Structure formats: structure tokens, C-alpha cells
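Take a look at the structure set out below.
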Amino acid sequence: MKEKLKFPDNFLWGAATSSHQVEGDNKNNDWWKWEKEGKFKEASGKACSQYELFKSDFKLARSLNHNAHRFSLEWSRIEPEEGKFDKEAIEHYREVIKTLRSLEITPIVTINHFTLPLWFCEKGGWIGKRSGYLFSIFAEKVARELGEDVKYWLTVNEPIGNIHGAYVEGSWPPGRHSLKEAAMAVVNVLKAHCLAYKAIHRVYKEKGWPNPMVSLAHFTLMYTPCRLNSKPDILSTRLRHYYVNRLFINSLVTGRCIAPGMPLTFLPLKKSLDFIGLNYYARDYIHFQGFSPRKIFGEVCSLSHHGGSGKRNFLKWEIYPEGLYKILMEFKQYGLPILITENGICTNDDNERIDFIRGYLKEVGRAIKDGAPVFGYLYWSLIDNFEWTHGFSPRFGLIEVDYTTQRRTVRPSARIYAEIIKDNAIGLWSPTA
Ligand code: BGC
């Protein structure tokens, strides 16, 4: 008999998206403002018009056997001014959740996926003193309005990636270059998560709803030193690994944020993760650059030697499925259930997507067999969408989008994924990257 790796019963299978990347016309947030100012090569515009087309998109997902779907609420639509909530927008998302439920698709709701309402930015965005409190008011409101039909919540998406783009590299709004501000943002987002976690649980208790499962979508990346035996390269690699892969989760588990170069901070709560939402895409090779705070994390070198897969996606990120196995085995130590909230490839060759999905799912299956408590996998993304600073060229979708007609075409990889879902298993003989 051909060998297969079985996934656990009731495994969540599906795909993920985010509001600004698919909805279109999100005119009241910081990204839209920058797009209008011409700071990116392409503007999101109508994106995939999913604000209108969500029902047919979800039906397609159902036809592809998905039983879970991750999407995000657009904060700037629901709370266009501080403390003023837009009824129509709330009704819209209620309908989104209802539609998913009617198709027997479990909704996984991200409360904030990068884009911030303009009023929140005017108050300092994530470095504003009241940012955590303001975010928790929003989280409480949406939990109260939408929670009855939602079990899984992700407070924020990839805070470490967002803070890096926004406060270190400066290529994302608000375009700052300050390590001090980045450190402030880290602490504020951690606090925001804790306050939102408390608020969501409070609402569910008050309403007598079954306990929710609350986490965040955590960015992870594998790191390897450029020169395997170089102590300085190893130092920069370890530092990156700690800050990027471990700092957020460690802090939320212990209730203390401890990192070299940052003041020790106590958070309002410990154990504020009911599970770990984990995003994983690629691997970087790290080259030491010097000991100053700006240089100590090293730089990414372009070498992909010593055992690298040699395969890269459209954006040149290395395809390294084993990295996901390693991260899962490392994260197993937290003793929390793990949901893979994003994993995907942008490519113009759908055969590469087929190899990608098979290759990564084999590693997920292997990790589960070796004890990693993974309870679901969400491919990024259901449909092609607006890839932030890169615009519309990177194609991540299981479903192709024609941006002039908004026509959807199911890719062959989506059908292969649908078969794996149906089988709830991955065949070890299937060809891979
Ligand atoms: C983000 C998505 C993004 C994807 C591919 C993740 O970092 O959460 O918004 O589109 O990666 O770059």
C-alpha cells in the first residue's frame, strides 16, 4: 500500500485573506493615504472587489472542500471615527460570517491586518500612548457584535513584520526609521493584544457563549548563517531568530517582554494565547555587519548554498519546506495548539504551487506525527490579491483573479489541494519540489 500521512480528525482546512488586500475601496486607512500620495508603485483601488463578491468567492472555497476561512475586519470601515461605529459595516461582516457558517466553513477572524484607521494614526498609531486601549475598545465591540458565530480570533497580524516595515525600514506607513519607536510599538502591540484578549473573553463570559480561542497571527522565518561556521554570522542569526520568531510568543506566554536593548516590561496579562497562529513562508541567510544596534541583526545575503533548496518564489523568497517542520517542532515546547494561519507561494507557474502545497503539507504531516499539536492549515491566499508594496504582480491565489473583469478562475493547484483535504491525508509518494 502506498504510504500516507493522515491529518487529525476535524482538521481545519482552508485559505486566508485580509481586508485591504481583497475588498477594494478601503479609503479611510493609512495604506490608502500612501497609495494616493503615490508612495507605492500600485494602488489597491478596487482590489478583488470582495466586499461585493464575497458570497461567490466563499462558494468557490466550499466547492474546493475548504472547511475554514480566515479573513480580516477592516477597522477603518467599522470605526471610521474614534468611538463611532458604522452599523452598515458591522452588518456587512455579520453577513460575511453568516455566509461562511451557512456553507459549513469555520470563520477565523483577524481583528487587524496591518491597515489602520486615519484617526488612530493621528493619535500616534502603534506608538500612541493609548493605542492598546483604543484597539481593545474596537476588539470588544466586534466581539460583542459578531462573537456569537465566531470561535477563533486573531487580534493582530504579524506585528513584528509590520513594525519592521513601519518603524525600522520605513517602507510602510508611517515610514519611520527609529529603533526606539519600533521598541515602543512592540510593547504597545503586546499590551493591545493582552487587553483585547481580556475584552473578548469578558464578552463571551458575559453573554454565556462557549469559550473563544484567541491568538494572533505570528510571523516566522527560518534563519541560517551565511557562513555556517562564522561566530558573528551565528550571533546575528540567533538575534534575528529571537526577535522575530520568539519574542512575541514568549512575552505573551510569560507576561514579560525581555529582549536585549529593550527595557524589561511587564504586560497586563500572562498566558494570553489560547493557541498559536503561525505564518511561515521562507528562509533567509544572515551575514553579520557590525555591533551597533542598527547593524547587529546583520543583512540578508543572496547566497543560497549549503543545502538550500535553490528554489525561490516570484519575490525571490527561498522555498524551504523543512523550515516549517523545524519551526513547528520548536514551537511544540509551548504546549499550545497550533494553527497554520498562512503559508503560500507567489508564482506564475501553477505547477510550482502544486509542488509547494505538497511539499509543505508533507512537512506539516511529519511534524504532527512527531507530536506537534497542529489543528489546521490555511493556505495564503484564497484568491490573487494586492500584495502591499509589490502591488498586483505576485500571484498567491488558489484562484486566479482577472483584475479588469474580476473574473475568477480556479487553478489546478486548488483542485489538488481540494483532493488532499478530501482525503485528510497527504500521500508520501506524491511528487514534490
Ligand atoms: C501577510 C500577508 C501577505 C503575505 C505574503 C504575510 O506576511 O500577512 O498580508 O500578503 O504574507 O507576503
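Whatever order the structure lists ligands and atoms in, that order sets their numbers, starting from 1. Quantities reported herein were computed from a predicted structural model and do not represent experimental measurements.
Aromatic ring pairs are classed by plane angle as parallel below 30°, tilted from 30° to 60° and perpendicular above 60°; the pair Trp31 and Phe40 is parallel. The aromatic rings of Tyr377 and Tyr417 stand perpendicular to each other, their planes meeting at an angle above 60°, with 30° marking the opposite boundary. Ring planes of Tyr360 and Phe356: parallel class, angle under 30° (limits at 30 and 60°).
Taking every non-hydrogen atom of Trp317 and a distance limit under 4.0 Å, the qualifying atoms of ligand 1 come out as 5 (C), 12 (O). For ligand 1, the atoms lying closer than 4.0 Å to a non-hydrogen atom of His113 are 1 (C), 2 (C), 8 (O), 9 (O). Which parts of ligand 1 touch Gln21 is read off a 4.0 Å heavy-atom cut-off, strictly below it: atoms 2 (C), 3 (C), 9 (O), 10 (O).
By the neighbour-count criterion of 12 heavy atoms within 6.0 Å, atom NZ of Lys326 is densely surrounded, having more than that number from other residues, nucleotides or ligands. No more than 12 heavy atoms of other residues, nucleotides or ligands sit less than 6.0 Å from atom CZ of Arg407.
Protein heavy atom nearest atom 7 (O) of ligand 1, with residue, atom name and distance: Glu158 OE1, 2.5 Å. Considering only non-hydrogen protein atoms, atom 12 (O) of ligand 1 sits nearest to Glu387 OE2, 2.5 Å. Looking at atom 4 (C) of ligand 1, its nearest protein heavy atom turns out to be Tyr281 OH, 3.3 Å. Of all protein heavy atoms, the one lying nearest to atom 1 (C) of ligand 1 is Glu342 OE1, 3.3 Å.
On a distance-only criterion, Trp388 and ligand 1 share at least one N/O pair closer than 3.5 Å. Annotation: Asn157 places an N or O atom under 3.5 Å from an N or O atom of ligand 1; distance criterion only.
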Q) Does the pair Glu330 and Arg246 meet the rule for a side-chain contact (heavy atoms from CB on, under 4.5 Å), with working shown? A) CA-CA 10 Å; Glu330 183 173 336; Arg246 302 296 297 274; 2.5 Å; yes

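Rounded to the nearest 0.5 angstrom, Asn250 CG and Arg256 CZ are separated by 10.0 Å.
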